[in-house]
Structures are given as C-alpha cells and as structure tokens.
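Read through the structure below, which is laid out as structure tokens, and then see the notes.
We use all heavy atoms of the structure for the numbers below, so side chains are in, but hydrogens, waters and symmetry mates are not. Each chain gets a letter, A, B and so on, in the order the sequences are listed, and its residues count up from 1.
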Amino acid sequence: MALDEDIYEIRREKLKKIEALGHPAYPRKYNYSHTVPQILAEYSGQTAEELESARVTVRVAGRIMTIRLMGKAGFAHLQQDGQRLQIYVKKDAIGDAGYELWKLLDLGDHIGVRGYLFRTRTGELSIHAEELTFLAKDLLPLPEKFHGLTDVELRYRQRYLDLVMNAEVREVFLKRSKLVQSLRRYFDGQGFMEVETPMMHPIAGGAVARPFKTHHNTLDMDLFLRIAPELYLKRLTVGGFDRVYEINRNFRNEGLGWKWNPEFTMLEAYQAYTDYLGILDTTQSAIEQAVKNVTGGTKTKWGEHEIDWSHANWRRMTMREAILHFWPEKAGAKPERSDFAAHESVKALVGRVRGAGISLKYDAAEPVGKTIANIFEAVAEEHLMQPTIIYEFPTVISPLSKQKPDEPDWTERWEIFAGQMEIANGFSELNDPEDQRQRFEGQLKERERGDDEAHQMDENYINALSYGMPPAGGVGVGVDRLAMLFTDSHTIRDVILFPLLRPEKTSPAEAEEEK
RNA sequence: GGGCGCGUAGCUCAAUUGGCAGAGCAACUGACUCUUAAUCAGUAGGUUGUAGGUUCGAUUCCUACCGCGCCCA
C-alpha cells in the first residue's frame with residue numbers, strides 16, 4: 001500500500017533511522033554561508049576553470065526538489081527563496097556515513113550542504129558536496145514535480161504547497177509586499193504618520209456596506225468589524241495629526257467575486273489643509289511611484305491589454321461626462337447634461353439603457369443621484385481600462401464629502417479606475433457638523449426605504465467634528481486591486497495568501513451534522 | 001440566491017455506445033559514480049466527491065447533497 005498515510009509511516013521510519021545515525025530529527029539551526037540566490041548571483045558568471053582554481057567552499061540550506069540517483073553518486077536540486085541550485089553527492093566525497101544519510105533523504109526534505117562550487121560536464125553550476133546536514137523531514141509527498149499544483153481549490157486551501165511548487169505565485173506575493181512597502185514609504189516621505197485605529201466599531205461607519213457583527217462578552221456589547229477606518233482617522237485630524245494614514249484590513253459582509261473578498265486591505269490617508277484635488281495629486285503620485293517600484297516600469301500587462309500608468313496617460317472626466325462619453329449606441333442619442341437634473345428625465349435614461357440590453361437596477365423611489373451612479377456603473381465602468389479619474393459624485397451617495405459650491409447635488413469626490421476596477425476613492429472631507437448631521441439623517445431615510453447599506457447616525461463622530469476638524473482631503477486605496485493590476489492577476493484570490501473558502505466537509509457525517 | 005461547468009490513485013491526467021478503472025510523476029525493491037522531467041527491470045497503490053435511483057451491469061444515465069470554478073443578482 002502506498003496511501004498517503006503509508007508514505008507518512010515510511011518516512012517516519014526513515015527519520016528514526018536518520019536519528020539512529022546520530023543526526024537530530026529536528027535540529028535547531030544551520031549556519032549557512034550563502035543563500036541559493038546569492039550563490040547564483042555571485043558565481044553564475046564564473047567558468048569551470050575559475051571555480052576550480054578558486055575552490056570556493058560554501059554552506060547552503062534548502063529543500064530538496066529533485067533527486068537523481070546513480071549507484072554510488074547522485075544529483076539533487078536544493079530550493080531556497082524560490083531558486084534552485086544543484087548539488088552533486090558522491091560516496092567518495094562524503095564518506096560512508098554521509099552516504100547512509102543521503103540514501104534516507106526524500107523529496108521535500110530540508111538539508112544543509114557544505115562543499116565546493118564546480119561546473120558539471122553539462123556546465124551547470126553545482127555544489128560538490130563534502131558534508132550533508134539533516135535539517136527537517138517532509139513526511140507527506142509534494143505535488144508532482146513537473147506539472148506542480150494546478151488544482152485551484154488545493155492551491156488556496158494549501159497555499160504553502162502552492163508557494164513551494166509555483167515560482168510565479170511566490171513572485172505575485174513578493175510584488176504585493178513591495179507594493180505595500182512602496183505605499184508606506186511614499187506616505188512616510190510626504191510627512192504622513194502611520195496609525196492604527198480600531199477594527200471593532202460600535203457603529204460600522206465610513207462607507208456604505210453591510211458589516212460583520214461580533215460580541216464582546218465582558219462589556220456585553222455588540223461590535224462590528226470595521227467597514228472603513230475613515231471616521232477614526234478624521235477624528236485624528238481633529239486631534240491635530242494633520243497627515244495620517246493606515247494600511248489595514250476592512251471587512252464587508254457581501255458577496256464574493258473576482259474583485260471582492262470579504263476582508264480586503266485598504267490604505268486610507270487624510271491630509272489637512274487641502275481638498276479633493278490635493279489628495280488626488282498625492283494619491284496619483286503614490287500609485288505612479290508604486291508601479292515603478294513594483295514592476296520597474298510604467299506599463300503593466302492586464303490580460304490582452306496593457307495599462308500605461310505614466311502621468312500623461314491618466315484621463316480625467318466627471319461622472320456625467322463619462323456617461324455621455326461611453327453612452328451605448330443602442331441606447332440612442334447621447335443624453336443632455338440637463339437630463340441629469342430631474343427625476344423624470346433620469347428615469348427616461350434608465351429606460352434607454354435597459355432598452356440597449358444592459359442590466360441596470362432601478363427603484364423609482366431611490367434618489368436621482370443614486371440612479372445616476374448606477375447608470376455610470378452600467379455604461380462606463382467596463383470601459384475604464386487605462387487609469388481614469390472620475391470626479392463629481394452625487395451628494396446622496398457621498399454622505400461624508402463636501403458639496404460643490406455651485407452644485408449642491410454634487411460633491412467634490414473622485415474615484416480612480418483602471419482595469420475596469422475602482423481602485424481609489426477620495427474627496428474633500430465634510431467637516432461641518434451640522435451638514436454632517438443632515439447627511440446622516442438623509443441616509444437614515446434611505447435606510448428606512450430599504451437600503452441597508454446606507455450610513456448610520458454617528459453622534460459621537462458629529463461631536464468630534466463639532467470641536468473643529470481642519471479642511472482636509474482624504475482617500476482610500478484598494479491595495480488588493482492594485483496588487484492584481486501590477487501582477488496581471490484576474491481574481492482577488494490570487495493576491496490574498498489565504499482567501500476565504502467554505503470549510504471542507506471531510507466526512508458525510510459531518511455534512512449531515514451541518515444540516 | 002439563480003444558471004452553466006467540473007470533481008477518477010498523493011499530484012497531473014486518460015477511460016470508445018452503459019461492458020474487466022488505466023498512464024506518467026511520486027512511493028517501494030533492485031541495477032547504475034556527471035544526472036537534470038535521469039535511465040533500466042520489477043512491485044504496490046482506487047468506496048471514481050457523498051447518498052440514493054434506473055439497469056443483468058454505472059466513472060459513464062437520473063435525483064439530492066457537498067466542494068470548486070465561471071457568469072448573473
């Protein structure tokens with residue numbers, strides 16, 4: 001039998017034999033002289049003759065990914081930091097005891113190797129092993145060495161195997177890390193202070209979304225996982241931290257999809273004494289810098305497309321302009337700007353969009369501004385491949401934004417789109433406590449109408465504003481989505497190390513119990 | 001939540017019209033002191049996602065459920 005558990009038993013026996021040879025089964029450490037990538041970087045240029053005359057001795061640690069045995073010698077590849085280096089193990093060179101250990105090693109084991117660098121007859125840089133050190137055993141078999149691990153479900157459920165087997169997956173997460181690092185350095189460099197605000201909120205505010213609920217036992221109070229840190233960060237601007245940012249998780253109790261995960265990472269930043277255009281400049285620069293730091297250039301591949309992030313390529317249009325610009329031919333003549341002003345004319349636009357075969361949710365009782373935003377999403381969003389700034393959002397869907405002085409139905413708010421995704425959202429922060437109260441009251445009416453995503457009243461926040469919040473621009477940037485765009489990953493799950501999955505029901509009884 | 005698709009050995013995949021469930025890698029035994037998807041000889045490994053149904057006979061057809069994916073809401 002060679003079931004999984006039997007391989008486990010066979011390898012446990014091998015581990016006992018390794019111990020019997022005098023090697024600890026789980027040693028504490030190994031002092032390596034080089035990492036595998038360091039050796040490849042430093043010695044790849046050297047010829048066989050150069051290596052022979054220099055006789056470079058190294059100590060390297062890694063996981064065994066291939067083994068080729070030939071009688072009393074053999075080759076293996078060690079993998080470390082996603083790169084591989086070949087070792088040559090010859091009985092003459094490592095001695096009888098060393099060879100006994102060598103024969104007990106399996107694919108996936110961690111070992112240390114001391115030896116000298118040389119080139120094989122085929123020219124591959126390798127270590128001529130003189131001493132093997134056992135470091136850790138792999139008791140379960142790795143996925144197949146040639147095809148690797150491709151099953152999507154297993155890749156997510158056992159991400160560690162995905163990372164061992166698939167170098168490109170490893171690369172995606174390295175890039176994600178560089179992205180976060182770049183954003184952090186950029187905002188630090190601009191004088192922003194990184195802060196941490198609560199993840200558990202008595203009132204889930206700062207965005208329109210359904211929250212997750214939890215409960216604190218000692219205080220016997222319900223709490224909500226935050227849907228946004230916004231209201232706390234703005235309290236800090238009241239407190240005199242003029243430039244603050246936070247990079248952390250938000251939680252929204254909504255569906256899953258290619259660009260939606262219930263927990264996702266957002267950068268939020270607030271900059272006092274500027275408005276939506278000021279924070280837009282900051283955001284755009286941060287993103288342009290991040291593209292360079294992560295990819296080394298200004299262009300990224302996105303499926304069939306190429307996204308050009310260079311400054312001159314960013315487009316800018318108002319939401320209303322975007323609707324006109326991307327108005328579908330099948331929906332007839334482009335709307336007039338005045339069509340956006342009245343309930344009846346907007347309703348007529350809905351009919352024309354639907355007539356063009358585009359699905360669009362519409363409730364005649366909903367405010368005009370909400371309908372216009374829905375029309376924008378229906379007709380324009382799919383066309384926003386290159387970086388595009390859409391600005392001027394309806395007031396009714398922007399309860400935390402300052403209104404335009406000349407058009408109170410519209411706010412000083414923008415969103416950045418790229419790759420058909422919203423990736424950032426910024427505005428002139430509403431700091432008038434009385435206006436804020438009215439906006440919340442308006443939201444409560446929406447809630448009564450049946451919109452359970454509408455914002456709740458937050459007296460505590462209004463109280464903070466009443467002490468005087470400086471004028472400020474603020475922004476939220478979707479870090480996962482930027483990571484998707486920078487790595488050509490077309491599902492958010494490919495940029496989240498451990499995405500949410502349903503629990504596996506391993507036995508029928510378990511599934512039955514669930515019912 | 002709805003529609004469509006997928007689920008076969010540890011991994012990657014086959015299986016003709018409903019007719020003995022197979023291969024490669026991994027594993028085990030043996031040979032081999034420059035291989036690299038090493039090679040050669042041999043061995044073992046399966047409740048075909050789960051539970052039912054139709055049938056002489058089900059991986060294959062039907063129903064329900066579980067999980068995953070895609071599209072829609």
Q) Taking everything shown except A:Met200 itself, do over 12 heavy atoms lie less than 6.0 Å from its CE? A) no

Q.
If I take atom CG in residue A:Leu256 and atom P in nucleotide B:G69, what distance separates them, rounded to the nearest angstrom?
A. 9 Å

Q) Can you find a donor-acceptor pair, distance only, under 3.5 Å between A:Thr150 side chain and B:U12 base? A) no

(Q) Nearest to the side chain of A:Arg121, heavy atoms from C-beta on, is which of B:A27, B:C34, B:U35? (A) B:C34

Q: Could you work out the separation of B:U12 and B:C20 based on their P atoms and round it to a whole Å?
A: 26 Å

**Q.** N or O in side chain of A:Arg502 less than 4.0 angstrom from B:C68 OP1/OP2
**A.** yes

(Q) Using Watson-Crick or G-U wobble geometry with both distances under 3.5 Å, which nucleotide pairs with B:C34? (A) none

Q. Out of B:C68, B:C11, B:U33, which nucleotide sits closest to the side chain of A:Glu153?
A. B:C68

Q: Please determine if A:Arg55 forms a cation-pi arrangement with A:Tyr116, meaning its NZ or CZ atom is less than 6.0 Å from the six-membered ring centre and no more than 45° off the ring axis.
A: yes

Q: Among B:U35, B:A27, B:G10, find the nucleotide with the atom closest to the side chain of A:Asp106.
A: B:A27

Q) Quantified in whole Å, what is the P atom distance between nucleotide B:C70 and nucleotide B:G18? A) 31 Å

Q.
Taking any heavy-atom pair under 4.0 Å as a contact, classify A:Phe118: base, sugar-phosphate, or nothing.
A. base

Q: Classify the nucleic acid contact of A:Leu142 as base, sugar-phosphate or nothing, counting any heavy atom under 4.0 Å across all strands shown.
A: nothing

Q | B:G53 and B:G69, which share atom name C1', separated by this distance in whole Å | A | 28 Å

Q. Rounded to whole angstroms, how far apart are CD on A:Gln158 and P on B:G67?
A. 18 Å

Q: State whether A:Arg157 places a side-chain N or O below 4.0 Å from either non-bridging phosphate oxygen (OP1 or OP2) of B:C68.
A: yes

Q: Tell me which nucleotide among B:G69, B:C34, B:U12 gets nearest to the side chain of A:Tyr156.
A: B:G69

Q: Answer yes if the side chains of A:Trp410 and A:Thr395 hold a donor-acceptor pair under 3.5 Å, and no otherwise.
A: no

Q. If you draw a 6.0 Å radius around CD in A:Glu52, do more than 12 non-hydrogen atoms from other residues or ligands fall strictly inside?
A. no

(Q) Among B:A37, B:A26, B:U33, which nucleotide has an atom closest to any side-chain atom of A:Leu107? (A) B:A26

**Q.** ring-ring contact (aromatic ring centres under 6.0 Å, His included) partner of A:Phe417, chosen from A:Tyr391, A:Phe376, A:Phe326
**A.** A:Phe376

Q: Would you mind checking if A:Arg249 and A:Glu263 are paired as a salt bridge, meaning a charged N to carboxylate O distance below 4.0 Å?
A: yes

Q | Derivation of the side chain to side chain contact (heavy atoms under 4.5 Å, CB included) call for A:Asn374 and A:Glu366 | A | CA-CA 11 Å; A:Asn374 286 340; A:Glu366 74 192 9; 4.0 Å; yes

Q) In terms of side-chain heavy atoms of A:Val152, which of B:G24, B:C34, B:G69 is nearest? A) B:G69

(Q) Need one value for A:Gly74: base, sugar-phosphate or nothing, where a base atom within 4.0 Å counts as base even if backbone is also close, heavy atoms only. (A) nothing

Q) Among B:A27, B:C34, B:C68, which is the nearest nucleotide to the side chain of A:Phe75? A) B:C34

Q.
Give me the distance, rounded to whole Å, that separates B:U47 from B:U8 when you measure between the C1' atoms they each carry.
A. 12 Å

Q: Take atom CH2 of A:Trp102 and atom P of B:U33, then tell me their distance rounded to the nearest Å.
A: 14 Å

Q.
Between B:U35 and A:Gln86, counting only base atoms on the nucleotide and side-chain atoms on the residue, is there a donor-acceptor pair under 3.5 Å?
A. yes

Q) Quick one: on RNA chain B, does A:Ala73 or A:Thr66 contact a more 5' nucleotide (nearest heavy atom)? A) A:Ala73

Q | 5'-most by nearest nucleotide on RNA chain B - A:Gly71 or A:Arg493 | A | A:Gly71

(Q) Is A:Lys72 close enough to B:C34 that one of its side-chain N or O atoms is under 4.0 Å from OP1 or OP2 there? (A) no

**Q.** Residue A:Tyr88, side-chain heavy atoms: nucleotide from B:U35, B:U33, B:G69 that is nearest
**A.** B:U33

Q | Residue A:Met70, side-chain atoms from C-beta onward, closest of B:C68, B:A37, B:U35 | A | B:U35

(Q) Give me the distance, rounded to whole Å, that separates B:C68 from B:U50 when you measure between the C1' atoms they each carry. (A) 15 Å

Q. In whole angstrom, what separates A:Leu500's CG from B:C68's P?
A. 9 Å

Q.
If you only use heavy atoms from C-beta on, which nucleotide in B:C68, B:U12, B:U33 is closest to the side chain of A:Asp92?
A. B:U33

Q) Which part of the nucleic acid does A:Ser359 contact within heavy-atom distance under 4.0 Å: base, sugar-phosphate only, or nothing? A) sugar-phosphate

